[in-house]
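Comments concern the structure below.
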Amino acid sequence: MAIQQLSVLIPNRHGTLANLTDIFYREKIDIRAISVYDTTEYGILRTVVDDPERAVEVLKRNGIVAMLSDIMAVNPEDRRGSLNEIFGILAEAGVNVDYVYSFVVEKGGAQYFVIKVEEISRAESLLSEKGIEVIKKL
Amino acid sequence: MLYKRNGDHRIWSKEETLDREEYWAIQLNRLQETVKRVYDKVPFYRNRFQKMGLEPGDIQSLEDLKRLPFTTKEDFRDHYPFGLFSVSKKEIVRFHASSGTTGKPTVVGYTRNDMETWKELIARLVTQAGVTEEDTAQIAFGYGLFTGAFGLHQGLEHVGAAVIPTSSGNTEKQIMIMEDFGTTALICTPSYGLHMAEVAKSMGKEPGKDFQLKWGLFGGEGSTEAMRNELNQAWGIFSTENYGMSELMGPGVSGECLALSGMHISEDHFLAEIIDPETGKVLAPGQRGELVITTITKEALPIIRYRTKDITSLDYEKCSCGRTTVRMAKIKGRSDDMLILGGVNVFPSQIEEVLIKSEGIGPHYQIKVYKKEYLDKIEVDVELTDATYLDSYAKLESLSQTIRGKLRSVLGIDAKVNLVQPASLPRFEGKAKRVIDLRKEE
């Protein structure tokens with residue numbers, strides 16, 4: 001099963017983000033990765049947590065809608081050109097990338113990249129074939 | 001032709017200066033004719049009268065007016081489009097429309113005689129506001145289905161003023177024309193008048209010096225004395241306010257004279273009452289309540305006891321301008337939840353109807369109204385309930401644009417749509433308070 005991320009609407013209002021992280025903290029849900037961009041109207045917060053199903057439930061209880069979606073996570077080698085290689089493979093195969101964000105798993109540990117694509121299994125196979133480590137479980 | 005001058009005050013018509021007894025006689029006669037007309041020709045009224053056991057012959061004095069049933073904006077909606085008309089379409093020479101409380105607009109029509117009456121009423125209105133044949137009048141109301149621009153247009157021409165029908169919008173061009181054509185009278189909403197002054201300044205003009213403006217005739221929305229002072233100072237003009245609504249005629253129901261002591265109602269065409277909006281009981285002169293108007297000369301669309309929902313009071317004392325007609329005070333509010341945005345009437349129920357039919361969002365909403373650079377702005381907060389829109393910014397943006405587009409087509413104005421989290425808007429147990437009008441704090 002692919003790794004799942006949560007997408008949450010965060011209106012441009014003071015304290016929205018803190019409110020969300022506070023809910024996760026109280027419910028003992030660990031955030032693995034998080035990404036928010038500055039937009040004029042709305043923000044969509046994308047996050048990977050340790051228990052996505054429970055996170056959706058918890059948020060719902062707090063009146064917050066969240067969408068679960070599959071994403072691909074990869075662990076590129078720590079060397080020059082490794083990202084270039086990944087995006088090159090995807091581009092050549094005609095796989096569109098919607099967005100990318102990265103996170104570190106443990107202190108000094110591996111740096112993972114979350115890549116949102118339409119065809120996850122095909123993209124995963126394409127990368128695995130080329131020896132790039134695809135993460136199936138956090 | 002001008003009836004007479006009284007110092008600075010000009011009076012267009014003799015009918016503005018009758019004795020009370022003369023008004024009573026004219027009013028009773030015309031009320032009886034109107035009641036007979038609607039009884040004979042409008043099934044809606046005949047049914048209502050019959051249910052109440054009333055016949056036209058029962059109206060023996062002006063005191064009997066209070067026995068007649070009220071007419072409301074909802075009645076217009078329920079009989080859309082022509083159900084309240086008392087003539088066939090053949091006799092109609094003009095249609096106008098305004099916002100309804102939901103989906104369909106409120107439709108009004110005029111016969112040839114109605115157009116003459118309207119022209120006469122506007123001639124009175126602009127004359128008492130200072131305008132003469134010497135003036136050049138720029139109409140910055142939108143020309144279209146709304147009654148404002150066309151209504152004032154014909155009356156201004158009737159008194160001999162040179163009319164410039166610039167319509168609304170394109171403010172920089174308006175200002176150029178105002179300067180180049182030597183406009184002396186500006187006709188628009190008070191907020192647009194203030195906005196124009198701001199734009200003129202940003203163009204490097206001095207509104208009080210670079211123009212020949214003398215008069216400002218403002219209407220279409222309520223205003224305060226503070227706004228009047230601001231308009232007078234900004235443009236170096238003398239401002240008056242006028243009042244009307246399409247259901248009754250359009251502009252021309254009442255307006256201020258140069259004495260600025262209330263808005264004169266043409267009593268040979270309209271009967272005014274003040275009622276308690278809760279009980280419907282008629283209140284004594286001077287008491288504040290909801291204005292109720294009966295039209296007594298209209299042919300196409302005679303209206304019995306129309307509930308304007310506007311809160312005001314009446315003063316029957318003779319005015320220093322020489323007119324004897326009753327004067328209504330500035331509107332102090334509404335007895336319903338109608339909003340007026342840049343002269344356009346907006347009902348929260350119209351917004352609600354659009355939102356309920358929209359996908360992806362919940363039934364709760366909150367409307368915020370505020371002013372930006374003197375112009376009215378509206379924002380609507382709605383709760384996103386369908387999480388699948390969070391898939392991408394494009395989906396989210398397209399959802400809010402779709403709702404915004406639907407609102408624009410129903411309201412006729414642009415409302416910004418904000419998507420918020422479910423359960424983040426206030427819930428109400430009793431009467432919902434969904435409108436935050438920040439303009440009132442000014």
Side-chain angles (χ1 to χ4, degrees), chain A residues 2 4-24 34-49 52-53 55-71 96-101 114-120, chain B residues 351 355-356 358-370 372-373 377-408 414-429 432 434 436 438:
Chain A
Q4 291 192 303
Q5 76 171 359
L6 269 76
S7 299
V8 183
L9 177 71
I10 46 169
N12 194 358
R13 259 181 221 164
H14 183 77
T16 318
L17 204 51
N19 177 43
L20 201 79
T21 51
D22 188 52
I23 292 170
F24 284 161
I34 191 162
S35 137
V36 187
Y37 305 106
D38 59 333
T39 50
T40 47
E41 304 286 320
Y42 316 103
I44 300 176
L45 174 134
R46 320 241 192 228
T47 179
V48 177
V49 298
E53 304 276 347
V56 170
E57 280 309 304
V58 162
L59 289 176
K60 200 174 170 186
R61 271 206 312 266
N62 285 277
I64 296 169
V65 285
M67 181 197 183
L68 271 184
S69 48
D70 292 345
I71 42 105
N96 284 326
V97 173
D98 292 334
Y99 49 85
V100 181
Y101 53 98
V114 170
I115 305 179
K116 178 70 166 72
V117 292
E118 286 288 317
E119 310 150 277
I120 292 180
Chain B
I351 295 174
L355 298 180
I356 283 168
S358 300
E359 286 176 10
I361 55 167
H364 298 280
Y365 63 95
Q366 190 160 58
I367 299 167
K368 271 180 288 186
V369 182
Y370 57 95
K372 194 177 171 193
E373 286 157 6
K377 299 281 175 194
I378 179 167
E379 288 187 14
V380 184
D381 286 0
V382 293
E383 294 178 349
L384 179 76
T385 51
D386 183 349
T388 60
Y389 287 96
L390 293 169
D391 198 25
S392 71
Y393 280 98
K395 279 189 189 171
L396 208 55
E397 191 55 32
S398 141
L399 175 67
S400 77
Q401 286 305 329
T402 304
I403 301 169
R404 192 170 184 164
K406 282 188 205 158
L407 285 173
R408 190 183 299 117
D414 189 43
K416 185 166 171 272
V417 174
N418 301 317
L419 298 170
V420 301
Q421 285 168 351
S424 66
L425 295 177
R427 302 300 199 253
F428 302 94
E429 283 184 7
R434 302 201 188 280
I436 300 172
L438 299 167

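Numbered from 1 within each chain, the chains take letters A, B, ... in sequence-line order.
Judged by distance alone, the side chain of B/Gln421 and the main-chain N or O of A/Leu9 form a donor-acceptor pair under 3.5 Å.
Minimum heavy-atom separation, B/Ala387 to A/Ala66: CB-O, 3.5 Å.
Residue A/Lys60 qualifies as open at atom NZ: its count of foreign heavy atoms under 6.0 Å is 12 or below.
Here A/Ser7 contributes atom OG and B/Tyr393 contributes atom OH; the two are 9.5 Å apart, rounded to the nearest 0.5 Å. With values rounded to the nearest 0.5 angstrom, B/Ser424 atom OG is found 9.0 Å from A/Ile64 atom CD1.
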Original post:
Would A/Lys116 and B/Asp391 satisfy side-chain contact (heavy atoms from CB on, under 4.5 Å), going step by step from the backbone distance to the final call?
Top reply: CA-CA 10 Å; A/Lys116 178 70 166 72; B/Asp391 198 25; 4.2 Å; yes

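No side-chain heavy atom of A/Val65 sits under 4.5 Å from any side-chain heavy atom of B/Glu383.
Heavy-atom distances place no part of B/Asp386 under 4.5 Å from chain A, backbone and side chain included.
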